[in-house]
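Quick caveat: nothing in here was measured; it's all calculated off a predicted structure. Residue numbering restarts at 1 for every chain, and letters A, B, ... go by the order of the sequence lines.
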Number of protein chains: 2
Amino acid sequence: MSRLKREQLISAALDLVDEEGAEALTMRSLAARVDRQVSSLYNHVGSRADLIEALRERIVSDIDTTCFDGRPWDAAIAAWAGSYLTAFAAHPHLIPLLATTPIRDASTLRMYETVVSALIDAGWPVRDAVAVMRTVEAHVLGSALDIVAPGDLLVQSSIPAELPALRAALDPTLGESAGASRAYQLGLAALLQGLRAAHAGATAA
Amino acid sequence: MSRLKREQLISAALDLVDEEGAEALTMRSLAARVDRQVSSLYNHVGSRADLIEALRERIVSDIDTTCFDGRPWDAAIAAWAGSYLTAFAAHPHLIPLLATTPIRDASTLRMYETVVSALIDAGWPVRDAVAVMRTVEAHVLGSALDIVAPGDLLVQSSIPAELPALRAALDPTLGESAGASRAYQLGLAALLQGLRAAHAGATAA
């Protein structure tokens with residue numbers, strides 16, 4: 001049996017979460033998956049919490065932060081949000097797991113430093129910078145759950161006749177207008193517009 | 001043994017999901033929890049999918065839609081979002097489950113009819129009504145995951161000195177300004193402001 005490498009173990013953990021959900025991730029289930037004793041896992045990760053942070057590091061490595069190099073803050077946030085959405089939509093079971101565990105991974109904190117620095121440099125008050133970043137993340141993660149849903153959650157054919165407004169709004173001839181991706185785009189554009197207004201107010205004050 | 005009532009079964013399913021997560025919800029695990037044979041559950045629910053829709057009905061019954069009676073659309077959406085957040089924050093494991101399964105529950109569809117009707121009556125184009133509703137839901141659900149996280153995900157004491165902007169933005173003397181609840185409020189206000197601008201554009205066109 002070849003020596004188990006840490007990166008292989010993290011990949012196996014990601015596969016396990018992708019296939020069976022976050023609650024299926026235990027040191028025991030992971031050991032079974034890589035055909036090792038539980039004790040041997042501790043050569044690579046100190047705990048399940050460590051493993052979760054390693055998964056965070058893996059997914060954050062797919063998020064582009066080069067958009068913060070020189071672009072206006074709102075364009076940079078829009079690009080970052082798109083990259084963030086793509087990264088998490090590929091691993092939706094990680095969304096509730098990573099959204100609800102304390103963040104210790106160094107690469108994630110460096111990403112946040114990049115975002116918060118850019119916001120403060122653009123004139124956002126220090127006290128607002130984390131909230132702005134955090135609400136964009138929440139918007140993206142909620143939208144990612146909607147986008148990854150199999151099929152579509154709401155289709156006209158399942159709406160009874162006594163709900164005429166909903167039926168009309170889900171008319172298939174409207175194309176993708178009622179779909180999750182378009183809702184995300186419409187919402188992100190609105191969120192950014194509102195944030196631009198708040199930014200203008202804060203920098204004028 | 002007393003006769004099992006459907007509402008008791010749904011309550012047991014909700015407790016199971018609250019305690020062990022969505023993936024733990026199977027007909028077998030639920031039968032064990034209520035000390036019945038799996039076959040007897042089928043007197044009350046036809047399938048696991050039925051059970052999920054019953055959980056959706058239960059949680060939607062906690063969401064207030066009376067706010068759509070006569071208030072301006074944006075104030076109504078803000079009130080609905082707050083009620084929606086409270087309902088799901090009480091049962092966070094339901095968020096990924098209900099966000100990714102097709103919606104068949106009649107009470108949920110009636111709620112959507114109320115929201116979509118109000119938006120269309122207020123002048124929103126029919127093709128935008130579902131997207132507006134849906135992006136508010138995504139914003140709320142992503143924020144709810146952030147708000148229910150135990151402790152806080154990001155605290156200054158865990159940020160190394162080489163990330164000075166993030167450390168400054170997480171200064172505890174700024175109070176709750178970097179917290180999840182304030183991020184939600186800031187984001188919802190921005191989202192609604194952007195939606196009001198889009199609505200003004202659409203109704204002027």
Taking [options] one by one, which has the highest count of heavy-atom pairs under 4.5 Å against chain A?
{"options": "B/D128, B/L141, B/L195", "answer": "B/D128"}
{"options": "B/A165, B/A169, B/A149", "answer": "B/A165"}
{"options": "B/P96, B/A138, B/G187", "answer": "B/A138"}
{"options": "B/A144, B/G179, B/A129", "answer": "B/G179"}

* Asked: Do the non-hydrogen side-chain atoms of B/Q193 and A/R196 ever get within less than 4.5 Å of each other?
  -> no
* B/E113 vs A/P164 side-chain heavy atoms within contact, under 4.5 Å ->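 Yes, at least one pair of side-chain atoms sits under 4.5 Å.
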* Derivation and outcome, side chain to side chain contact (heavy atoms under 4.5 Å, CB included), residues A/E23 and B/H93 -> CA-CA 11 Å; A/E23 279 112 16; B/H93 287 303; 3.5 Å; yes
* Start with the C-alpha distance between A/D171 and B/V126, add both sets of side-chain angles, then the distance that settles side chain to side chain contact (heavy atoms under 4.5 Å, CB included), and finish with yes or no. => CA-CA 9 Å; A/D171 192 320; B/V126 172; over 6 Å; no
* Atom group of B/A178 that falls short of 4.5 Å from chain A, counting heavy atoms -> both
* Contact class of B/T101 relative to chain A, heavy atoms under 4.5 angstrom ->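 Just the backbone, heavy atoms under 4.5 Å.
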To the nearest 0.5 Å, what is the distance between [atom1] ([X]) and [atom2] ([Y])?
{"X": "B/L153", "Y": "A/Y112", "atom1": "CG", "atom2": "OH", "answer": "7.5 Å"}
{"X": "B/I147", "Y": "A/T100", "atom1": "CD1", "atom2": "OG1", "answer": "13.5 Å"}
{"X": "A/R110", "Y": "B/L163", "atom1": "CZ", "atom2": "CG", "answer": "8.0 Å"}
{"X": "B/R127", "Y": "A/E176", "atom1": "CZ", "atom2": "CD", "answer": "11.0 Å"}
{"X": "A/S158", "Y": "B/L109", "atom1": "OG", "atom2": "CG", "answer": "6.0 Å"}
{"X": "B/I103", "Y": "A/L154", "atom1": "CD1", "atom2": "CG", "answer": "4.0 Å"}

* Asked: Which bit of A/E20 is near chain B, if near means a heavy-atom gap under 4.5 Å: side chain, backbone, both or neither?
  ->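 Only the backbone of A/E20 comes within 4.5 Å of chain B.
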* Structure fact -> Assert top hit (heavy-atom pairs under 4.5 Å, partner chain B, pool A/A106, A/S117, A/A22, A/A99) equals A/A99
* Among A/A189, A/P92, A/A180, which has the most heavy-atom pairs under 4.5 Å with chain B? -> A/A180
* Please walk me through it: do B/H139 and A/T135 pass side chain to side chain contact (heavy atoms under 4.5 Å, CB included)? -> CA-CA 8 Å; B/H139 192 82; A/T135 196; 3.2 Å; yes
* Within 6.0 angstrom of A/Q37 CD, more than 12 heavy atoms from elsewhere -> no
